[in-house]
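Data block below; observations after.
Order of listing sets the numbers, starting from 1, for every ligand and every atom in it.
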Amino acid sequence: MFAYSASDLYCESVPLADIAHRVGTPAYVYSSQAILGNFRAYHEAFGDLPHNVCYAVKANGSLAILALLAKAGAGFDIVSGGELYRVLKAGGDPAKVVFSGVGKTADEVEFALEQGIHSFNCESEAELALIDALAARTGRQADAAIRVNPDVDAATHPYISTGLRQHKFGIDIAEADGVYERARGLRNLALRGVSCHIGSQLLDTDPLLEAVEKVLALAARLRAAGHDIRHIDLGGGLGVAYHAGEEAPQIRAFIAQLRERLKDTGLAVMVEPGRSIVGEAGVLLTRVLYRKKTASKDFVVVDAAMNDLIRPSLYQSHHEIIPLRKSERPPIVADVVGPVCESGDFLARGRKMANVVPGDYLAVCTAGAYGFVLSSNYNARTRPPEVLVEGSTWRIVRPRETYDDLIRGETP
Ligand code: LLP
């Protein structure tokens, strides 16, 4: 959905330079066609297998994106009361919401119960007891799944790998049978599912399939023991191509494999994809402020910084950086850095890139997931606007913050 036509980079049918001129930089721009295309790839590949594609709100919680997905029939995976609030404001159906996370508070659980969400993915026995007690108070029975830790190595960045025994997530799959057994006594909790999530940005799907086998084996044991298990939730995790030419898993092909594996189990299946729906659907536009040469390096100083996109600084992640207008000048090798006062503030290091001059615009690619949501006001920088492109039209779905926004609610 982002491609050059002649020398200009377009998002769908809109030249990105038009947006940059009108809204200024830095700015996030999302392609609605890309987002919907990815969602439909999941939804359609499941076919007639009972399923619920619960978009992981944490990847990008922009109301406009949630609304697009809600209209297309998506469910939502949330990890906080705030994310549930966003889903509701965007017109999402609470009956298709699953609540994940290792540290749900009582307030959040109550809010979710009041709204009638589909299911809680529980991560400890103490949490099961809390949800049971709060459900009793509201006079409802809460549907829940236990998130098991299947002890498989997701082979991804250590900060976003979650499925090994040493991680804080889930209940060790070896102990799960006992936990389901003890939970029978919780009258206001209906344990109807088994869930897992082994990590994010997985470029190899074998660990996911290994986890599926373990989860299915557990579900079969639980059913044999008389538990009314109706669904499995396989979490998110499919990776996207951050490097030009990198091969990322194909959504349709992966889901077709899952479907084959699940079609005779009688279980409904849920997935919680985030990055693979919005990652490649977004770019961060930025403008070159200065070129600067030191004895050892060439720097391109741009107006976007680690507060706008923290992934390179936090996970050493690579994002392609390409010009909005191609030039004939020979490429350079440079560090692309922002105005924040830290050496850790960089978008790329030692990067072969376009030979830009001050005033030129660049697109930091594959920034739709874990981009804006992880942005901050560090250095009292206003957060960038978000723009949604739909065909040949576009609109600002969140304006650039103002200085007043920066101090809202504060008293001197
Ligand atoms: N479900 C659960 C329980 C999760 O913890 C996550 C992501 C997802 C679903 C969605 O995973 P995805 O399909 O997006 O891989 N900030 C990091 C990524 C953190 C992922 C956290 N959990 C980054 O920028 O790479």
Anything under 3.5 Å between a donor and an acceptor, one on a side chain of residues 235-245, the other on a protein residue two or more places apart or in another chain? List them.
residue : atom : partner : partner atom : Å
Y242    : OH   : R275    : NH1          : 2.8

task: Using distance alone, determine whether A59 and ligand 1 share an N or O pair under 3.5 Å.
output: no

- prompt: Under 4.0 angstrom from ligand 1, any heavy atom of A369?
  reply: no

Close N or O approach (L238, ligand 1; < 3.5 Å): no

statement: So ring pair (Phe, Tyr, Trp, His ring centres under 6.0 Å) across residues 389-408, not counting sequence neighbours, yields none

- request: Mind telling me whether H231 and H118 have parallel, tilted or perpendicular rings, with 30° and 60° as the class edges?
  value: tilted

message: Does any N or O of ligand 1 fall below 3.5 Å from an N or O anywhere on Y370, backbone included?
response: yes

message: Below the 3.5 angstrom mark, is there an N/O of R275, backbone or side chain, next to an N/O of ligand 1?
response: yes

query: Among the heavy atoms of P273, does any lie under 4.0 Å from an atom of ligand 1?
result: yes

Distance-only N or O hit between ligand 1 and S276, under 3.5 Å: no

- request: Examine distances only and state if a side-chain atom of E401 and a backbone atom of R383 form a donor-acceptor pair shorter than 3.5 Å.
  value: yes

message: Tell me whether L314 reaches ligand 1 (any heavy atom closer than 4.0 angstrom to a ligand atom).
response: no

